[in-house]
Student: 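Sharing a structure below in structure tokens format, with a few things to ask.
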Amino acid sequence: MPSSLDMVNGLVNSLADEIRRDLAPVQSRRDIRVMERRKDLRKEDRRAFRDAVKATDENVTAACDGFDALETTNPAHVSVLFNIGLCRESAGDLEGALDYYARALEVDPGRDYPTDGLRRVRSRMRAEQDLAKRTAL
């Protein structure tokens, strides 16, 4: 039979864990991939698109600049729009990310990546709002 002190310590630790989960934000890591689909991309832009995709491993800023440049000549290409949304999301521009994910879905409603992006960003926005409310108390 556990001692009274062990029982109290167990209850305190359990209560502390519950309170922490209620108050502390949860950090998670997700492996989110860029869309690499080049079908229907202007032929003269395929190399630039491929280079931007490659740059995501080493230089995210260069990759995002590359995707942004491709939007001018490919304003309705699902991969370009999604990848720009992903860049906006990673930079913390959640409203911009929502806009690009929605535009990608308008172009190709059957794509999972933009749908997942919208869901992820909306969830993040709700979490930030909840956190702001809790810290304002």
Side-chain angles (χ1 to χ4, degrees):
M1 177 168 220
S3 70
S4 298
L5 183 60
D6 289 338
M7 289 174 53
V8 169
N9 283 337
L11 289 171
V12 167
N13 288 336
S14 176
L15 182 60
D17 285 343
E18 285 185 42
I19 292 171
R20 188 208 54 81
R21 279 192 293 276
D22 286 342
L23 298 177
V26 176
Q27 181 176 354
S28 64
R29 178 175 164 81
R30 297 178 180 167
D31 186 22
I32 303 167
R33 300 178 47 94
V34 296
M35 285 185 75
E36 298 182 30
R37 180 174 173 239
R38 291 181 276 180
K39 184 179 179 193
D40 300 326
L41 191 68
R42 285 177 29 145
K43 189 173 185 175
E44 53 273 12
D45 291 334
R46 289 182 183 169
R47 178 180 293 267
F49 183 82
R50 188 185 70 224
D51 292 344
V53 169
K54 278 186 178 181
T56 60
D57 290 334
E58 301 163 4
N59 188 341
V60 174
T61 301
C64 290
D65 290 345
F67 293 128
D68 284 339
L70 288 166
E71 182 184 11
T72 303
T73 53
N74 301 276
H77 192 274
V78 66
S79 294
V80 171
L81 296 173
F82 171 80
N83 292 342
I84 293 171
L86 196 57
C87 289
R88 298 294 189 275
E89 181 182 354
S90 71
D93 177 9
L94 302 183
E95 291 293 335
L98 285 176
D99 178 55
Y100 276 97
Y101 292 150
R103 287 175 56 194
L105 272 177
E106 286 175 13
V107 170
D108 192 351
R111 289 282 161 200
D112 290 341
Y113 281 20
T115 302
D116 292 343
L118 285 170
R119 188 177 303 120
R120 186 176 55 249
V121 170
R122 287 178 180 144
S123 175
R124 182 173 165 189
M125 291 172 89
R126 278 191 308 272
E128 288 179 2
Q129 289 170 352
D130 287 347
L131 185 59
K133 286 178 188 174
R134 289 174 189 240
T135 57
L137 297 177

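For the numbers below, each heavy atom of this structure counts, side chains included, while hydrogens, waters and symmetry mates do not. Nothing fancy with the numbering, it's 1 onward along the sequence.
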Student: I'd like to know whether Thr115 forms a side-chain hydrogen bond (donor to acceptor under 3.5 Å, both in side chains) with Asp112, so could you lay out the CA-CA distance, the side-chain angles of the two residues, the decisive distance to 0.1 Å, and finally the verdict.
Tutor: CA-CA 5 Å; Thr115 302; Asp112 290 341; 5.6 Å; no
Student: To the nearest 0.5 Å, how far apart are CG in Leu70 and CD1 in Ile84?
Tutor: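 Reported value, rounded in 0.5 Å steps: 7.5 Å.
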Student: Within the structure provided, determine whether Arg88 and Asp68 are in side-chain contact (heavy-atom separation under 4.5 Å).
Tutor: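 Arg88 reaches Asp68 side chain to side chain.
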Student: Under the salt bridge (charged side-chain N to carboxylate O under 4.0 Å, His left out) rule, collect the residues that match up with Asp45, sequence neighbours excluded.
Tutor: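 Here the qualifying residues are Arg42.
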Student: Count I, L, V, M, F, W, Y as connected when their side-chain heavy atoms are under 4.5 Å apart, and connections chain through other members. Are Leu118 and Met125 then in the same cluster?
Tutor: yes
Student: Tell me every residue that passes ring-ring contact (aromatic ring centres under 6.0 Å, His included) with Phe82, counting only those two or more places apart in sequence or in another chain.
Tutor: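 If we apply the ring-ring contact (aromatic ring centres under 6.0 Å, His included) test to Phe82, skipping adjacent residues, the hits are Tyr101, Tyr113.
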Student: Restricting to non-hydrogen atoms, name the atom on Pro75 and the atom on Thr73 that form the minimum distance, rounded to 0.1 Å.
Tutor: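 Closest heavy-atom pair between Pro75 and Thr73: CD-C, 3.5 Å.
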Student: May I ask you to test the Arg103-Glu71 pair for a side-chain heavy-atom distance under 4.5 Å?
Tutor: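 A side-chain contact exists here, since the closest heavy-atom pair is under 4.5 Å.
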Student: Apply the test salt bridge (charged side-chain N to carboxylate O under 4.0 Å, His left out) to residues Glu36 and Arg50: give CA-CA distance (whole Å), side-chain angles for both, the deciding distance (0.1 Å), then the verdict.
Tutor: CA-CA 8 Å; Glu36 298 182 30; Arg50 188 185 70 224; over 6 Å; no
Student: Could you grab the distance from atom CG of Leu86 to atom SG of Cys64, nearest 0.5 Å is fine?
Tutor: 7.5 Å
Student: Which distance, rounded to the nearest 0.5 Å, do you find between the CE of Met35 and the NE2 of His77?
Tutor: 8.0 Å
Student: With side chains defined as the heavy atoms from C-beta onward, is the minimum distance between Arg37 and Asp108 less than 4.5 Å?
Tutor: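 Arg37 vs Asp108: side chains touch.
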Student: Got Asp65 and Thr61 here, is their nearest side-chain heavy-atom distance under 4.5 Å?
Tutor: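 Contact flag for Asp65/Thr61 side chains = yes.
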Student: If every non-hydrogen atom of Leu94 is compared with every non-hydrogen atom of Val121, which pair is closest and at what distance?
Tutor: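 Of all heavy-atom pairs spanning Leu94 and Val121, the closest is O-CG1, 3.6 Å.
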Student: Do Leu98 and Arg122 have side-chain heavy atoms sitting under 4.5 Å apart?
Tutor: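 Yes, close enough: below the 4.5 Å cut-off.
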Student: Where do Pro114 and Leu105 come nearest, in terms of heavy atoms and distance?
Tutor: CB-CG, 3.7 Å
Student: Please give me the minimum heavy-atom distance between Gly96 and Asp93, naming the atom from each residue.
Tutor: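 Residues Gly96 and Asp93, closest heavy atoms: N-OD1, 2.9 Å.
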Student: Using salt bridge (charged side-chain N to carboxylate O under 4.0 Å, His left out), reason through Arg119 and Asp116 one step at a time and then give a plain yes or no.
Tutor: CA-CA 5 Å; Arg119 188 177 303 120; Asp116 292 343; 3.0 Å; yes
Student: Could you walk me through whether Ser4 and Met7 pass the side-chain contact (heavy atoms from CB on, under 4.5 Å) test, one step at a time?
Tutor: CA-CA 5 Å; Ser4 298; Met7 289 174 53; 5.7 Å; no
Student: Any pair with a residue in residues 35-69 that passes ring-ring contact (aromatic ring centres under 6.0 Å, His included), sequence neighbours left out, goes on the list, sorted by first then second residue, please.
Tutor: Phe49-Phe67
Student: Would you name the heavy atoms of Val78 and Ala104 that are closest together and state the gap between them?
Tutor: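 Closest heavy-atom pair between Val78 and Ala104: CG2-O, 3.6 Å.
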Student: Give me the atom names and distance for the closest heavy-atom approach of Ala63 to Ala52.
Tutor: CB-O, 3.2 Å
Student: Return the CZ to OG distance between Arg111 and Ser79, rounded to the nearest 0.5 Å.
Tutor: 7.0 Å
Student: Rounded to the nearest 0.5 Å, what's the gap from CG on Asn74 to CD on Glu44? Could you check?
Tutor: 8.0 Å
Student: Where do Val8 and Val12 land on the side-chain contact (heavy atoms from CB on, under 4.5 Å) test, with the steps shown first?
Tutor: CA-CA 6 Å; Val8 169; Val12 167; 4.2 Å; yes
